[in-house]
Number of protein chains: 2
Amino acid sequence: MAEREVDRSVSQTVKAQLALREQILDGSLRPGERISELQAVETTGASRTPVRMALVRLEEEGLLEAIPSGGFMVKAFSERDISDSIELRGTLEGLAARFAAERGVSARELEPLKECLAAIDELLGQVPISIEAFSSYVTLNARFHALLTELSRSPPLIRQIDRASALPFASPSGFVMAQSALPEAQQILIIGQEHHRVVIDAIENREGARAEAVMREHARLAVRNLRLALRNRTHLDLLPALALIKTATD
Amino acid sequence: MAEREVDRSVSQTVKAQLALREQILDGSLRPGERISELQAVETTGASRTPVRMALVRLEEEGLLEAIPSGGFMVKAFSERDISDSIELRGTLEGLAARFAAERGVSARELEPLKECLAAIDELLGQVPISIEAFSSYVTLNARFHALLTELSRSPPLIRQIDRASALPFASPSGFVMAQSALPEAQQILIIGQEHHRVVIDAIENREGARAEAVMREHARLAVRNLRLALRNRTHLDLLPALALIKTATD
DNA sequence: TGTATGCGTTGTGTATACAATAGCGAGGGC
DNA sequence: GCCCTCGCTATTGTATACACAACGCATACA
C-alpha cells in the first residue's frame with residue numbers, strides 16, 4: 001500500500017461517504033444498481049472497512065437500500081415518494097415553527113433570520129433574476145430554513161428534520177430547484193419569500209398555529225410546483241438527484 | 001478462535017446490535033458513559049468489525065452519540081427531549097392518518113385495525129385491568145399504531161415514523177407505559193382508545209383534517225400524562241429506558 | 001433440446017493485525 | 001510548590017486476510 005495517496009486530514013470513512021454520495025447523486029450509480037464494495041474501494045481510495053461504514057451510514061440516510069442476500073443497492077424513488085418527502089419535511093418544519101412561536105424567541109435570535117429575509121428581498125428585486133442571484137438565493141434559502149429549524153430549540157426535532165433533508169430532493173435547495181424549472185419561477189420565489197416573512201411575523205407574535213400553517217403551506221406549494229415541473233420536463237436538470245427518480249413506467 | 005460459540009443463524013452484526021441496545025435500555029450502560037469497543041466485544045461475543053457496525057447503526061438510531069475525538073457514548077435525554085419526541089411522533093402519525101384518509105382505504109385494509117380496536121375494547125372492559133391484560137394492551141396498541149402508519153402507503157413517512165419510534169420512550173409502548181404510571185391509568189387508556197376509534201372513523205369518512213387532529217391530540221395527551229407521571233415518580237420503573245433520562249439536576 | 005447438477009468465481013461477513021492519536025501520569029524545571 | 005513537557009498506555013481508525021455463501025456457467029444426462 002505504498003503508492004496509495006492517503007489524505008490524513010479527514011477520516012477515510014467520511015471521505016468514502018462523501019465520495020459515494022456524490023457518485024449516487026450525480027448519477028454515476030443508477031437507482032436499483034448494486035453497489036459493490038470492491039468497486040467502491042477502488043473509486044474512493046479507502047479500504048473496505050471505512051467503505052462499509054460509509055455504506056451503512058448512507059443506508060441510514062436513505063440513499064441506499066440493503067439487499068436481503070447481502071450488500072447494498074442505490075435506492076429508487078417514485079414521484080410520490082418525493083412529494084411525500086417534501087410534505088413530510090414541511091410538516092416537521094411547521095412543528096419547528098410552532099415550537100419556536102410557543103416557546104418564545106428573543107429579538108437577538110430572530111436577527112439572522114431577518115437578515116436572510118432582507119438579503120433575499122434584495123435578490124428578488126431584480127427582474128429578471130440573474131443566474132448568480134438565483135444561486136445566492138438557493139444558499140440563502142437553505143440558511144433561512146436551517147436557522148428556522150434551530151429556533152425550535154428541540155434537538156430531537158432538529159435531528160429529524162436534518163434526516164428528512166438528507167434526501168436531496170427534500171432539502172430546502174430541492175424545493176427551490178424544483179420550482180425553478182417552471183416558467184413562472186420568479187413569481188413562485190416571491191410567494192415563498194412571503195411565506196418566510198409570515199412565519200417570522202407569527203413567531204414574533206407567538207402565534208404557533210399560524211407559524212405552523214404557513215410552513216405547511218410553503219411545502220404544499222413546493223409539492224404542487226414539483227408536480228407541474230415534472231409534467232413539462234423543462235430545465236429539470238437543475239433538480240439535484242433527479243437521477244434517483246424511478247423512471248416509473250420504464 | 002476455537003472456543004468462541006458462534007451462532008450462524010443471525011449475523012454477528014445484528015446480534016451485537018441487539019445485545020448493545022439491550023444493555024443501553026436496561027441501564028447497564030449509563031447515559032454519558034463512553035462505550036468501549038473492546039468491552040462491547042467481550043459482552044456481545046462478536047468481534048470488532050460487527051461491533052463497530054452495530055455502534056454506527058445505534059448512533060443513527062439515536063441511542064448513541066459520536067464523541068468528536070472518536071468512539072461513542074450513550075446519549076442522554078432531557079425530559080423536554082422526551083416530550084418533544086412524543087409530540088414529534090404524534091405529528092408524523094397525524095400526517096399518516098391524513099394521508100390514509102385523503103388517499104382512501106379499502107374496507108379490507110381497515111379490517112385488522114378494527115379487530116385491534118375490538119380486542120382492546122374487550123381488555124378495557126375489565127375493571128380493574130389485570131397485569132396480563134395490560135401487557136396484551138401494550139402489544140395490541142403497538143400493533144394498532146403500526147397498522148395505522150402502514151395505511152398511509154407512504155414509504156418515506158413510514159420510514160420516518162419508524163425512526164422516530166426507535167427511541168423507546170417515543171414508541172407506542174412508551175406512550176402507554178408512561179401513562180400507566182398514573183393512578184387514573186385505566187381512564188387514560190379508555191380515552192386513548194376513544195382516539196383510536198375516532199381516527200378510524202375519520203379515515204373511513206375520508207376526513208383528513210379530523211384524522212390528523214385526533215392523532216396529534218393523542219400524542220399531546222401522552223405528553224401531558226408523562227409530565228404528570230414524572231412529577232410523582234410512582235411506578236415509573238415500568239417506563240422502558242427511563243435510564244436514558246438525564247437526571248437533570250443531579 | 002431442455003433441465004438439472006456440480007464446480008468455479010465473485011463478493012460479502014468476520015476476524016485480527018497494525019498504525020496513529022488522544023489522554024493521562026510522572027518527572028523535571030522554573 | 002506549581003506548571004509544563006515528554007513519554008507511555010489505552011483505545012480507536014484502518015487495512016487486509018480468510019471463510020462462507022450465492023450466483024452463473026458449463027456439461028452431462030434424460
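Just so it is clear, the values below take in all heavy atoms, side chains as well, and ignore hydrogens, waters and symmetry mates. In the text below, chain A, chain B and the rest are named by the order of the sequence lines, each starting its count at 1. From a predicted model like this one, the values you see are computed outputs, not experimental measurements.
Along DNA chain C, the nucleotide nearest A/Ile35 and the nucleotide nearest B/Arg48 are compared for position; the residue whose nucleotide lies closer to the 5' end is A/Ile35.
A/Arg52 places its CZ atom 16 Å from the P atom of D/dT16, with the value rounded to the nearest Å. Summarising the geometry, the separation between CD on A/Glu42 and P on C/dT10 is reported as 13 Å, rounded to the nearest angstrom. Separating the CG atom of B/Leu38 from the P atom of C/dA15 is a distance of 14 Å, rounded to the nearest angstrom. Protein atom CG of A/Leu55 is 10 Å distant from nucleotide atom P of C/dG13, rounded to whole Å.
Atom CZ of B/Arg143 is surrounded by 12 or fewer heavy atoms from other residues, nucleotides or ligands within 6.0 Å.
The CD atom of B/Glu93 sits 6.5 Å away from atom OG of B/Ser165, with the distance rounded to the nearest 0.5 Å.
Of the candidate nucleotides D/dC23, D/dT14, D/dT12, D/dC23 has the atom lying nearest to any side-chain atom of A/Ser69. Residue A/Glu37 places its side chain closer to C/dT12 than to any other of C/dT14, C/dT12, D/dT14. Ranking D/dC18, C/dA15, D/dG13 by closeness to the B/Thr49 side chain, first place goes to C/dA15. The nucleotide whose nearest atom lies closest to any side-chain atom of A/Arg34 is, among D/dA15, C/dT12, C/dA17, C/dT12.
Residues satisfying the ring pair (Phe, Tyr, Trp, His ring centres under 6.0 Å) criterion with A/Phe99, sequence neighbours excluded, are absent altogether.
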